[in-house]
Amino acid sequence: MGIIAPSILSADFTKLGEEIKNVEKAGADWIHIDVMDGQFVPTISYGSIIVKACKKVTNLPIDVHLMIEKPDHIIPEFINAGADFISVHAETCTHLHRTIQLIKNSNVKAGVALNPATSIESIKWIINDIDFLVVMSVNPGFGGQKFIKSSLEKIKNLKSLINKKGSKAIIQVDGGVGMSTIKTIAQAGAQSFVAGSAIFNTSNYKETISALKQKIIGM
Ligand code: DX5
Ligand code: ZN
């Protein structure tokens, strides 16, 4: 399984609808939307209004990555806006189990993201409750950063934990995913690949997405 999820953070916002339609036509599987609050991460990006607008122009699942402190109060807004997947950061939720239930109770798939410095121990007891795990392979906040190599070992350890616990969660990797990194990331055990600059900074999305998929074929 190789799910390619273009992150619109690197899209051209003067023509966002067109950009989304173009990556859909080019073979994207999910649309990844990065929500930033200017607290948990240094900058502010966009909120549920953008999720709602994106939902209107695509049939692809909408994958909302919440980089916000204490997100519980605002999760219903993203559910109403049409999110199909919502990930929250383990670092931002005091009662992570409760937050996951809040998402799942609305039949939205729930994910938990871990910063590069966060141990996988933090999700050990909720791994059977979630649909996906997001390994941050950069420090969240910006597109176009360099892939942090220690993420590979983390993915492998998470994969073992998933197998040991009999969890159905899949592993998503976010940050620095591109032509030179995607294969080793897939080999380590990831199934969903977020790519922002590696897709939107190229001129032919179809060629780029096909080439990324080619690198992980059969894995
Ligand atoms: C980083 C975001 C990512 C970002 C990835 O905080 O969560 O989704 O858009 O960008 P690239 O693929 O350019 O590293
Ligand atoms: Zn993201």
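In what follows, every heavy atom counts, from backbone to side chain, and hydrogens, waters and symmetry copies are set aside. For ligands, and for the atoms within them, numbers begin at 1 and follow the listed sequence. In what follows, residues are counted from 1 in the order of the sequence shown.
Using a 4.0 Å cut-off between a side-chain N of Lys or Arg and a carboxylate O of Asp or Glu, Lys213 and Asp29 qualify as a salt bridge.
Residues passing the side-chain contact (heavy atoms from CB on, under 4.5 Å) test with Met179, sequence neighbours excluded: Thr208, Ala211, Leu212, Lys215. Partners of Ala90 by side-chain contact (heavy atoms from CB on, under 4.5 Å), not counting sequence neighbours, listed by chain and number: Leu96, Val112, Leu114, Ser122.
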### Task
Would you sort out whether Asp131 and Lys104 count as a salt bridge (charged side-chain N to carboxylate O under 4.0 Å, His left out), showing the intermediate values?
CA-CA 9 Å; Asp131 300 290; Lys104 292 205 329 183; 5.4 Å; no
Could you pull out every N or O of ligand 1 that sits under 3.5 Å from a protein N or O, with the distance for each pair?
unit_1: ligand 1; atom_1: 6 (O); unit_2: Gly141; atom_2: N; d: 2.7
unit_1: ligand 1; atom_1: 7 (O); unit_2: Asp34; atom_2: OD1; d: 2.9
unit_1: ligand 1; atom_1: 7 (O); unit_2: His65; atom_2: ND1; d: 3.2
unit_1: ligand 1; atom_1: 7 (O); unit_2: Asp174; atom_2: OD2; d: 2.9
unit_1: ligand 1; atom_1: 8 (O); unit_2: His32; atom_2: NE2; d: 3.4
unit_1: ligand 1; atom_1: 8 (O); unit_2: Asp34; atom_2: OD1; d: 3.1
unit_1: ligand 1; atom_1: 8 (O); unit_2: Asp34; atom_2: OD2; d: 2.8
unit_1: ligand 1; atom_1: 8 (O); unit_2: Asp174; atom_2: OD1; d: 2.7
unit_1: ligand 1; atom_1: 8 (O); unit_2: Asp174; atom_2: OD2; d: 3.1
unit_1: ligand 1; atom_1: 9 (O); unit_2: Ser7; atom_2: OG; d: 2.8
unit_1: ligand 1; atom_1: 9 (O); unit_2: Asp34; atom_2: OD2; d: 3.2
unit_1: ligand 1; atom_1: 12 (O); unit_2: Gly196; atom_2: N; d: 2.8
unit_1: ligand 1; atom_1: 13 (O); unit_2: Gly144; atom_2: N; d: 2.8
unit_1: ligand 1; atom_1: 13 (O); unit_2: Ser197; atom_2: N; d: 3.0
unit_1: ligand 1; atom_1: 13 (O); unit_2: Ser197; atom_2: OG; d: 2.5
unit_1: ligand 1; atom_1: 14 (O); unit_2: Gly176; atom_2: N; d: 2.8

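Here the protein contributes His32 NE2, Asp34 OD1, His65 ND1, Asp174 OD2 as N, O or S atoms under 2.8 Å from the Zn ion (ligand 2).
Two residues are said to be in side-chain contact when any heavy atoms from C-beta on lie closer than 4.5 Å; Phe200 and Leu9 fail this criterion. With a 4.5 Å cut-off on side-chain heavy atoms, Ile3 and Ile170 count as touching. Residues Met36 and Phe142 are not in side-chain contact: their nearest non-hydrogen atoms beyond the backbone lie 4.5 Å or more apart.
At a cut-off of 3.5 Å, with distance as the only test, no side-chain donor of Asp72 or His95 sits close to an acceptor on the other residue. Side-chain N/O atoms of Thr202 and Glu207 include no donor and acceptor closer than 3.5 Å.
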